[in-house]
Every structure is written in C-alpha cells, then in structure tokens.
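A quick write-up on the structure given underneath.
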There are 2 protein chains.
Amino acid sequence: MAVRRVTLADVAKLAGVSPTTASLILNGKPDTRFSADAHRRVHQAVAELGYRPNIGARALRTDRSLTIGFISDVVATTRFASGLIRGALEEAENAGHVMLVLETGSDPTREAEAVGAVLDRQVDGIVFATMRAREMVVPALPESTRVVMLNATNAGFGVSVLPDEETGGRSAVDLLAAAGHVEGIVLIGQNDEVERDLFRSATVARRVHGLRSEMAELGLGFIAEESSWDWEPENGYALTASLLDRRDDVRALLCMNDRLAFGAYQACQERGIVVGRDISIVSFDNDELAAYLRPGLTTIGLPHEAMGREAVRLLLSQETAVERLVGMPVVERASVVTLDRTSDRARRAQERLDERQARTGSAPVDAGARGSA
Amino acid sequence: MAVRRVTLADVAKLAGVSPTTASLILNGKPDTRFSADAHRRVHQAVAELGYRPNIGARALRTDRSLTIGFISDVVATTRFASGLIRGALEEAENAGHVMLVLETGSDPTREAEAVGAVLDRQVDGIVFATMRAREMVVPALPESTRVVMLNATNAGFGVSVLPDEETGGRSAVDLLAAAGHVEGIVLIGQNDEVERDLFRSATVARRVHGLRSEMAELGLGFIAEESSWDWEPENGYALTASLLDRRDDVRALLCMNDRLAFGAYQACQERGIVVGRDISIVSFDNDELAAYLRPGLTTIGLPHEAMGREAVRLLLSQETAVERLVGMPVVERASVVTLDRTSDRARRAQERLDERQARTGSAPVDAGARGSA
DNA sequence: AACGGGTGGTAAATGCGTTTACCAAGTTGA
DNA sequence: TCAACTTGGTAAACGCATTTACCACCCGTT
C-alpha cells in the first residue's frame, strides 16, 4: 500500500551525491561539470530505482509542465472533427507532452471554467478548437499563456490553423473539369445565408470563393444552384430529387459536403441514374461515409489530423502571428465519370490539380480501395 | 508579462491572517474553528484577488490532483467509440476533475509510457479503454492506483464497464418477433472464428449467446446464417446480394452491426426490395450511419456515453470488484416491417421488450426523427 | 608566499499549499 | 485561587525538484 514514489533524494542517496548534483546531472546539458564517475553513478541509481521525476513538483519550480490544454466546443469527441484531437494527441506525444482535453459546448461559463482548470494545472499552452471553423471568443487569459486557435480564428490571438478552403474549392472544380465536365454542373447546398453566417462563415465563404473563382477562370458556369440551410443527407436527397425531376441535362453535382452527397446518391439511385457512370458527384469533407458509398465518393477532404498536429507544433514553437492554412487532400474514389479530356479547359484544370497536389505532397489518398468495388 | 499568479500567501496577507488559517478556512469542513470574521475576510480576499489554488502544489502534499488519466488503444478519437470519451469527460467535469487523454495504438511500449506519463502527473486514477471490448493487458502499476477497465476486461482489475450484450442480443430478436416476424429470419455476419477471437470475443460471444437463447426461447430459428470475418459495408452487400439471389423466402435480416446493414441496404435497393416494406433489417451499434439511411435503421445501440460516465463514476468511487453491464438502448427507426402481431410468440417478445426497456429506463431513443422521412 | 583560476561539488532557498504541533488569552469549575 | 479547558490562531515542516550562491581543494604563477 502506498509504496512511496522514488524521489530524486533517493537517487542522490544511492548514488552517493547531493540532490543538487543528481538534478544537475539529470537535466544539465551534457557538459562535464561533474566527474564521469558521478554521472555514471547517478544514471545507474536512476535505472536501478526506476526513478521518474514528479512533473508537478518540477512545474512548481520551472513553470513547465509538459502538459497542454485542449479546449474545444464539442469537436474533440465528435465524428465531425475527431481528427483534430487525434492529430494533436499524436504531435503532443512526439514532443513528450500530454494533453488535458476539455469540452465546453460553447457555453461561456464552461469555457471560463475550462480555462481556469487548465491554468490551475500549469499547462504550457492552450489549443482552442471548434467544430465549425469560426470566430471564437476566448476568456481572459494571462498575457504569457501561449494560445493556438484550431479550426477557429480570434482577433486577439495571432496563431491559428485553418483548412485551405480556397484552394480546396478550386480543386473540386478542377477535378470535374479535368475529367472533361464542362457542362451540366450543378452546385448543391451553397446558401448565401450560410455563407454570411458567422458560425460557418470562416470556412464556407472561402470554399465558395475558391469554387467560383476557379469556375470563372476556366470559363465554366453552373447550370443551377440548389441551396439549403442545412446540409444533411435528407437535404441532399430532396434537392437532388427535385433537380433531377425538373431537368435532364445534369451531368455533375458539386455538393458542399459529403452528407449532402450521400442524400444525392439516394435520389440518383431511386431514379436509376448510376453515380460514376451516368452522373458525377464531387463533394467536401471526406467523411467516413464517403468511403462506404457505392461507388466510393470522390471528395476534397478536411485535413483534420494534419491540422491538429500543426496546432500543437505551433503551440510549442515560438512562432507568433501566423495563420497557417493546411492543404485539403483530393481524395479520388469512383464517383466521377471520365469524359473527353482533350478540351483546353480540361487540360488546364488537370495541370492545376497536378501542380497543387505536388505542392501539398498529397498523393491522392486511399484511392477508393474500400467502397469502390 | 509573467504576471505572477495569486497565491494563498497573497490571500492570507490581504485577509490579515496566516497562510495556515487561510488554508484551513478554505478547505476545512465548515466547522467554526475560526471566527466568523476571519472566514469573511478570507473569502473576501479570495474573491477580490481571484485566487485559485495551484493544483500541482496541492497534489504534492495531498496526492490528489483532481485529474484522471484516460488511456485508450485508439478508441478515444475514433468515430467507433468516441462516445466513451465524451461520457467520461462529462462525468469528470461533474466531479470537478479533468482528464488527461492518451492513445497507445495497443503498442505495449506506448502503453507503458502512457501509464508512466499519467502517474508522473499524480493522477487520481486511470481508465483503460479499448475500442473492441476485450481482455487487455495492463502495464505494472503501484497497488494504490485506482483503475477501471472501460469496454475491456482484465483479470487483475476487478472494476470494469461493459455493454450488456447478452440482453442487447435478446432485444434484437424481440424487436423482430414483436413485429410479427416468426419466419424467414437470416443472421448476417456472425462468424464462429470471430466469436472465438480474443479481440472481439468479450462482446460478440455474449451478443450471439443472447441472440440464440432468445430465438430458442421464443421457438424461432434462422433460415440461414451468412457469415463473414469482416463486418464492413462491402461484406454486408456481398452476403445479402448472394442471399437474395439464392432464395426468395427472406423476410428479415439480423445484422451483426450497422455497417453490415448498410451494405445490406444497398443490395436490397439494387434488387428493388424496399427495406421497411418488403424486408426488415435490425442490427447493432447505432452508428451515425444508422440515422442517415433511408429508411432509418432500427438498431440496438452501444451505450458508449453511458459507459464512459459509469467508468469515471466508478473510478472516483470506492467500489471494488464490479463488472458493470450497461444496458443497450433499443433505437427504433423505420427498417422493421410490422406484420401480424397477434401470435403468441409476438406477444411474448413484446412483453420482454417492454419489461427490459422499463428496467433500463431507456425510452426508444430518437425514434427516427432524422432519416426516416 | 600569495593570488588567480579551474574542478567538483554542496547547502539552502524557492515554488505553493497542506498539515502538524504548539501557543496565548480567556473561561470554567471546584 | 489554581488547574483544566476552549477559543482562535500561528510557526514550521513537508512534499519534490530546481536553482542560486558558495565552498574546499588543487594547480600553476609571479
């Protein structure tokens, strides 16, 4: 019962030196302030006793706890963006840190409490993450606390990590154009209200902007835009169903997210239109869903894990005032029909796509191994 | 810069008492060892200065850090069982604790490191969670460390939290029987190998046992069993496709999980068989997926959040040697056809279902509001 | 002989809150 | 009046690792 932990004093005693010496030897840079023999004896004692420093005690003195706080609205544990936390966890581990994870549900009271709780534990820094990339208010903090906004922005803190939505939007268009789609393209979901909505805006506005710019630059246009406030499967279904019942010149669907696309699949199926043969669908997010669909859904992924890693990397660095945009991977599965790719526009789009992929180093991810069968 | 934190000494000075007094007043039970006035002055000072105790310093003395370690193989951040961590987080917050979350990928080296890391931070206890409920080996730990196994079992530690799979299995059968299904029931996925597999066994074996017992007790039998090692959508698709092409007396599918069911939906759709009208499907897990399907999938849910909550509750209690089984909610959506319910077997099944739901207090969850349209 | 400069260390203070041991002054009770 | 409590409170130790300030000793100079 309660076998006392091995302390530095124990190590010192066994090694026949003072605690001071033991501490200096264990932490000091490897200069030879002490005899080689003292070094040996101390390390020997550490190994023998299985000594591990008490991080709390150390933090008391050094103000470094090797612990970081990860405070999110609701992102941490939701399928929506669990990758954020996974990436952060991974990078924290690499850096020898450990993560306190808290959720606040966007409730200001809980947010304040969460900040207090992690500060009370002397964290080395705090990552604030949100599910929907957005402007987030952060409770008052001591000047000296390092902060990174993850999938969120905040005027007060310069360091934030966001997906490169503008480029992602362009990629989606290029994907279609490069496959030869120059006509019959419909945009599904985009809604001006949503775009202006403070909550989703940071992300959606840029995505749409990239989308439209690329269309324009390639000389393309949408033949229709079906908009909806919510972006759930049922909306995708309804929008697509009515679209297909109304007109017969639809060749490609650009869906604002995978859940909309999922609904679109259902509508197509019902009408005997087979995705990947009679019609192309491209969307955003790379939800788990996307791989399960038949045929596999080609989508522009949210790089959650990479973002999480980047956030922790930034937090532990000294960098200040950065807005880091993380590239969105192009995940090609089997929902895009290949048409005639010889047109000028198609070639141009393919070039841009190639160039972009080379730049982000993102080989087409997991090209539909699952679900494309 | 580096605005020094307010310490207890500051509070004491402002209140005109010794740190001892301040500490005793702030922590002591509300007995009147000290004058009412001293109480008032101390609390006043705390409020004025915004004092918050340094948890690390306190832990040094008291060995209680109000922090718990949550170590999982890979569960924490995966859609598969993120509910576990969410529930744990919730309950920890309620209890004024905070959670260190670590992942190990089942790598023994990382597991040992993780245990070391949380112990170094003086956690009050450790929750070990796994994605697949199974026997898990835990690195050596000091006797005094409180441990709870979550969705896992370990011979050495008496306290574990698991889903009540046996009862869940029975519920699935009852659901079908109560809707009048007494013939044409097929089991999809179940595989003897899987059942014996140490990894999935703890959960699957009990589920299957419940399933079969209930069938037997109601005098029912499967007309076929399609087994598969993997339980992914593509397997569900292949299994169901071949089944439907082979025989025409299939009226109900009992799928071992939602992903299999998802594949089954696709196979049915392809053949013009509409789920919820021509055929019934019931499965397990209550994946996100289940709500997206059309019609909504009726499924026996894994009570991840409740399990997470229960784990933390047990961890912070003094209880020892418990295996807590958490009831699996019956999530009724629209994938089950209602047939003639007047048979004896149907009535018996309905009774059991009712009784069980009353017992777990689980009203049919979210009865298909989404996806059932 | 006295001084400057390494070499190889250590005692003690520090960070912060809790806890033990003790104390002074006032009350009671006999 | 004196011993025995009570009341209201404090000094100091403690938990553990880091860090500052200092020391003893030896060597080589001048």
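Sequence lines set the chain letters: A, B, ... in the order given, protein chains first and strands last, and positions in each chain run from 1. Hydrogens, waters and symmetry mates play no part in the numbers below; they use all other heavy atoms, side chains included.
Look at CG on B:L24: it is 10 Å from C1' on C:dT20, rounded to the nearest Å. Taking atom CZ on A:R41 and atom C1' on C:dG9, their separation rounds to 11 Å, with Å as the unit. Rounded to an integer number of Å, the gap from CZ of B:F34 to P of C:dT19 is 13 Å. For the pair B:R33 CZ and C:dT20 P, the computed distance is 13 Å after rounding to whole Å. For B:D63 and C:dT19, the CG to P distance is 11 Å, given to the nearest whole Å.
Recorded end-axis angle for the helix from C:dA1-D:dT30 to C:dA30-D:dT1 stands at 70°, based on five pairs per end and rounded to 10 degrees.
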message = Quick one, B:R309 with B:E90, criterion salt bridge (Lys or Arg N to Asp or Glu O under 4.0 Å). Give me CA distance, side-chain angles, the key distance, then yes/no.
response = CA-CA 7 Å; B:R309 279 195 300 271; B:E90 205 179 301; 3.6 Å; yes
query = For B:R121 and A:T67, what are the C-alpha separation, side-chain angles and deciding distance, and is it a side chain to side chain donor-acceptor pair (under 3.5 Å)?
reply = CA-CA 9 Å; B:R121 287 166 181 79; A:T67 305; 3.0 Å; yes
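Distance OG/B:S18 to CG/B:L24: 8.0 Å, rounded to 0.5 Å.
Phosphate contact (OP1/OP2 of C:dG8, side-chain N/O of A:T21, threshold under 4.0 Å): absent.
Note on residues 6-24 of chain B: pairs passing salt bridge (charged side-chain N to carboxylate O under 4.0 Å, His left out), not counting sequence neighbours, are B:R4-B:D10. Among pairs with a residue in residues 55-66 of chain A, those fulfilling salt bridge (charged side-chain N to carboxylate O under 4.0 Å, His left out) read A:R64-A:D124, at least two apart in sequence or across chains.
Not counting sequence neighbours, A:E48 has no partner by the salt bridge (charged side-chain N to carboxylate O under 4.0 Å, His left out) test. Listed by chain and number, the residues in a salt bridge (charged side-chain N to carboxylate O under 4.0 Å, His left out) with A:R313 are A:E91, A:E310 (sequence neighbours excluded).
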Protein and nucleotides 13-18 of chain C: nitrogen or oxygen contacts under 3.5 angstrom:
residue: C:dT14; atom: O2; partner: A:R61; partner atom: NE; Å: 3.1
residue: C:dT14; atom: O2; partner: A:R61; partner atom: NH1; Å: 2.8
residue: C:dG15; atom: N2; partner: A:A57; partner atom: O; Å: 3.3
residue: C:dG17; atom: OP1; partner: B:Y51; partner atom: OH; Å: 3.0
residue: C:dG17; atom: OP1; partner: B:N54; partner atom: N; Å: 3.2
residue: C:dG17; atom: OP2; partner: B:L8; partner atom: N; Å: 2.4
residue: C:dG17; atom: O5'; partner: B:Y51; partner atom: OH; Å: 3.4
residue: C:dT18; atom: OP1; partner: B:N27; partner atom: ND2; Å: 2.8
residue: C:dT18; atom: OP1; partner: B:R58; partner atom: NE; Å: 2.8
residue: C:dT18; atom: OP1; partner: B:R58; partner atom: NH2; Å: 3.3
residue: C:dT18; atom: OP2; partner: B:S23; partner atom: OG; Å: 3.0
residue: C:dT18; atom: OP2; partner: B:N27; partner atom: ND2; Å: 3.1
residue: C:dT18; atom: O2; partner: B:R61; partner atom: NH1; Å: 2.7

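Looking at heavy-atom distances under 4.0 Å, B:A38 makes contact with sugar-phosphate atoms alone, never a base.
Heavy atoms only, all atoms of each residue included: A:G125 and A:L315 are closest at C-CD2, 3.7 Å.
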